[in-house]
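This report refers to the structure that appears directly beneath it.
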Number of protein chains: 2
Amino acid sequence: MRQPTSDKENFRNTDGRIARGEATRQRVLDAAERCFASDGFEAVTIRQIARTAEVTLGVVSFHGGSKEDLFKTVLARRVATLDDLRKAALAEVRARGEMTIRDVVDAYLTPYLDIASRGDPQWRAYAQFIARVASNDDYFPEVRELYDPTARIFIAEFQRLRPGASAEALATVLTLTVASMLSIVASRARIAGLSGSDAIDQPMGYRAMLIDFCTGGIEMVLPSD
Amino acid sequence: MRQPTSDKENFRNTDGRIARGEATRQRVLDAAERCFASDGFEAVTIRQIARTAEVTLGVVSFHGGSKEDLFKTVLARRVATLDDLRKAALAEVRARGEMTIRDVVDAYLTPYLDIASRGDPQWRAYAQFIARVASNDDYFPEVRELYDPTARIFIAEFQRLRPGASAEALATVLTLTVASMLSIVASRARIAGLSGSDAIDQPMGYRAMLIDFCTGGIEMVLPSD
DNA sequence: AAACTATCTGAACGTCCGTATAAAAAGTCA
DNA sequence: TGACTTTTTATACGGACGTTCAGATAGTTT
């Protein structure tokens, strides 16, 4: 993989324009994101990524390194943004005073549904990419570690609201909430098939039902006192 | 793939013993089941299945056909058994008289948790295999059709209990229930990591929490009247 | 312009893949 | 036993894979 330029600012030329190589690098990562999202890690080929990015084969390695490097980079690239949205949502709820289970669930789910419904197709691809990665426990162990810190913050909130809950119960309800959330993005076709009607066009369209489901579920699992 | 024997009983010799080839065929399918369960379709190689089954390469094709044939056969082989367990559980609840959301949820979830916790490692592998397949919408379209008939039966039960619910809401809560169920089998390592303690050894150990979660969630989404 | 670095191209490498098949072996049955 | 079928072996094929790299090109700095 290309090494960071040594003695000057990393991604900028001296005149401040984005370096030519950095633009290509983003094209490669965007292409990889879309490919991984729609086909999964094993099924994607470097050549497919190159074709999608409209670059030649060697460029993918040059900017993205190995296939596994690419995968990790794509995942990590947007993780901070999503985390920040969730933390901001939580802070906003906290500032409003009295908190409920529903508020915490909302703060966790809505940012993800939001990016999955965004106009920007690249963010949608990332949302699908997460859904794919997170539902396969064993893609790469370090994938987990990227999202666990934020997960722990939300677990702590649930614990504040339900002091009597066991650690297993708290971890379980968060895991079930995440699974439910991801399935909305991953399985809209199935919902459409089972309901006999068209799928709701945006994940955000399921927001109310999803929040209801998770809130009701958590309140049933975690004893009120 | 081997053609069914023409003029005599399919899997038996004239003396009633199981035909030699049929035993091998089951070994191949068992091996494929374990491989697909742990690595997913794309990552599995025919050679790996052959090694696992302790047969040579050609035997896998001879008894299992193409890789896709193998995949479908493995999936279909046990579908009827699981469906029957669910229908039996539902019938039993129905026979007891008054039904609740919780009863229907229980009838759907418990047979799956049960086979995932069974001593038989082959059934456990199948449970993991399902978790993997179902969380990737696009493995093969016909996969869905295998489980949809039973899903519709349970949706109909929910509809009987909540006549006012919309088709979308019914399909959504079943999808979320399935996603939650599968995540218990697929993500036990994550629960352990988040809770700081060891994972509960059997999926059945999560039964109470899972049923609570789904019941609470469904009751929240589907208006009581 | 010359020296230098960053980026890109095109071709190649060795490996493993899924599949096919001829021939050997094992089993069955008259 | 000998004819016949079923099953297994061993090997091969063409293709696609991930990765590498020498050399061409473009851009920057002196």
Side-chain angles (χ1 to χ4, degrees), chain A residues 1-29 31-32 35-36 39-74 140, chain B residues 1-29 31-32 35-36 39-74 140:
Chain A
M1 188 171 4
R2 182 194 65 143
Q3 295 304 316
T5 313
S6 49
D7 54 341
K8 62 179 173 187
E9 237 278 69
N10 244 353
F11 306 124
R12 307 250 162 201
N13 293 330
T14 44
D15 61 0
R17 282 181 299 109
I18 293 173
R20 182 169 53 110
E22 181 56 22
T24 309
R25 189 180 121 95
Q26 292 302 329
R27 274 237 308 292
V28 168
L29 291 179
C35 292
F36 285 141
D39 297 342
F41 182 76
E42 290 87 357
V44 169
T45 73
I46 305 280
R47 285 167 175 83
Q48 175 189 351
I49 294 171
R51 224 177 303 125
T52 305
E54 297 181 288
V55 299
T56 52
L57 188 57
V59 171
V60 177
S61 301
F62 180 73
H63 285 294
S66 75
K67 192 177 174 184
E68 188 171 328
D69 287 337
L70 259 173
F71 184 86
K72 291 180 190 167
T73 304
V74 164
F140 294 110
Chain B
M1 186 168 11
R2 183 193 66 144
Q3 294 305 314
T5 312
S6 49
D7 54 343
K8 62 182 172 184
E9 235 278 66
N10 247 352
F11 308 122
R12 307 249 162 204
N13 294 329
T14 42
D15 60 2
R17 281 179 302 109
I18 292 172
R20 182 171 50 110
E22 182 56 22
T24 308
R25 187 181 123 94
Q26 292 302 329
R27 274 237 310 292
V28 169
L29 292 178
C35 292
F36 285 141
D39 297 341
F41 181 76
E42 289 89 358
V44 168
T45 71
I46 306 278
R47 286 167 175 82
Q48 175 189 350
I49 294 171
R51 226 176 302 126
T52 305
E54 298 181 286
V55 299
T56 52
L57 187 58
V59 172
V60 177
S61 300
F62 181 74
H63 286 295
S66 75
K67 193 177 173 184
E68 189 171 325
D69 287 338
L70 259 174
F71 185 86
K72 291 180 191 169
T73 305
V74 163
F140 293 109

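Residue numbers begin at 1 in each chain, while the letters A, B, ... track the order of the sequences. From a predicted model like this one, the values you see are computed outputs, not experimental measurements. Below, each value reflects all heavy atoms present in this structure, side chains not excepted, and no hydrogens, waters or symmetry copies.
Distance check, rounded to the nearest 0.5 Å: CZ of Arg51(A) to CG of Leu57(A) gives 10.0 Å. With rounding to the nearest 0.5 Å, the separation of CZ in Arg47(B) from SG in Cys35(B) is 14.0 Å.
The phosphate of dC17(D) has OP1 or OP2 within less than 4.0 Å of a side-chain N or O from Thr45(A). For dC8(C), one of the phosphate oxygens OP1 or OP2 lies less than 4.0 angstrom from a side-chain nitrogen or oxygen of Thr24(A). Between Ser66(B) and the phosphate of dG18(C), there is no side-chain N or O to OP1/OP2 separation shorter than 4.0 Å. OP1 and OP2 of dT6(D) both lie 4.0 Å or more from every side-chain N or O belonging to His63(B).
Here the C1' atom of nucleotide dC13(D) and the CG atom of Leu57(B) are 13 Å apart, to the nearest Å. One atom, NZ of Lys67(A), and another, P of dG18(D), lie 5 Å apart when rounded to the nearest Å. When rounded to the nearest whole Å, the span between CD of Gln48(B) and C1' of dG18(C) equals 14 Å. When rounded to the nearest whole Å, the span between CZ of Phe71(B) and C1' of dT19(C) equals 20 Å. One interatomic measurement links the two molecules: CD1 of Ile49(A) to P of dT19(D), which rounds to 10 Å at whole-angstrom precision. Arg27(A) places its CZ atom 13 Å from the C1' atom of dT7(C), with the value rounded to the nearest Å. The CD-P distance, from Glu42(B) to dA16(D), rounds to 17 Å in whole Å. Separating the CZ atom of Phe62(B) from the C1' atom of dT11(D) is a distance of 18 Å, rounded to the nearest angstrom.
The closest side-chain heavy-atom distance from Thr56(B) to Val59(B) is below 4.5 Å.
Taking each heavy atom of Arg27(A) and Ala53(A) in turn, the nearest pair found is NE-O, 3.0 Å.
Each of Arg47(A) and Thr56(A) has a nearest nucleotide on DNA chain C; the 5'-most of these lies closest to Thr56(A).
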- Taking it one step at a time, do Glu42(B) and Asp39(A) satisfy side chain to side chain contact (heavy atoms under 4.5 Å, CB included)? CA-CA 10 Å; Glu42(B) 289 89 358; Asp39(A) 297 342; over 6 Å; no
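Residue contacts for Val60(A): at a heavy-atom cut-off of 4.0 Å it reaches no nucleic acid atom on any strand shown.
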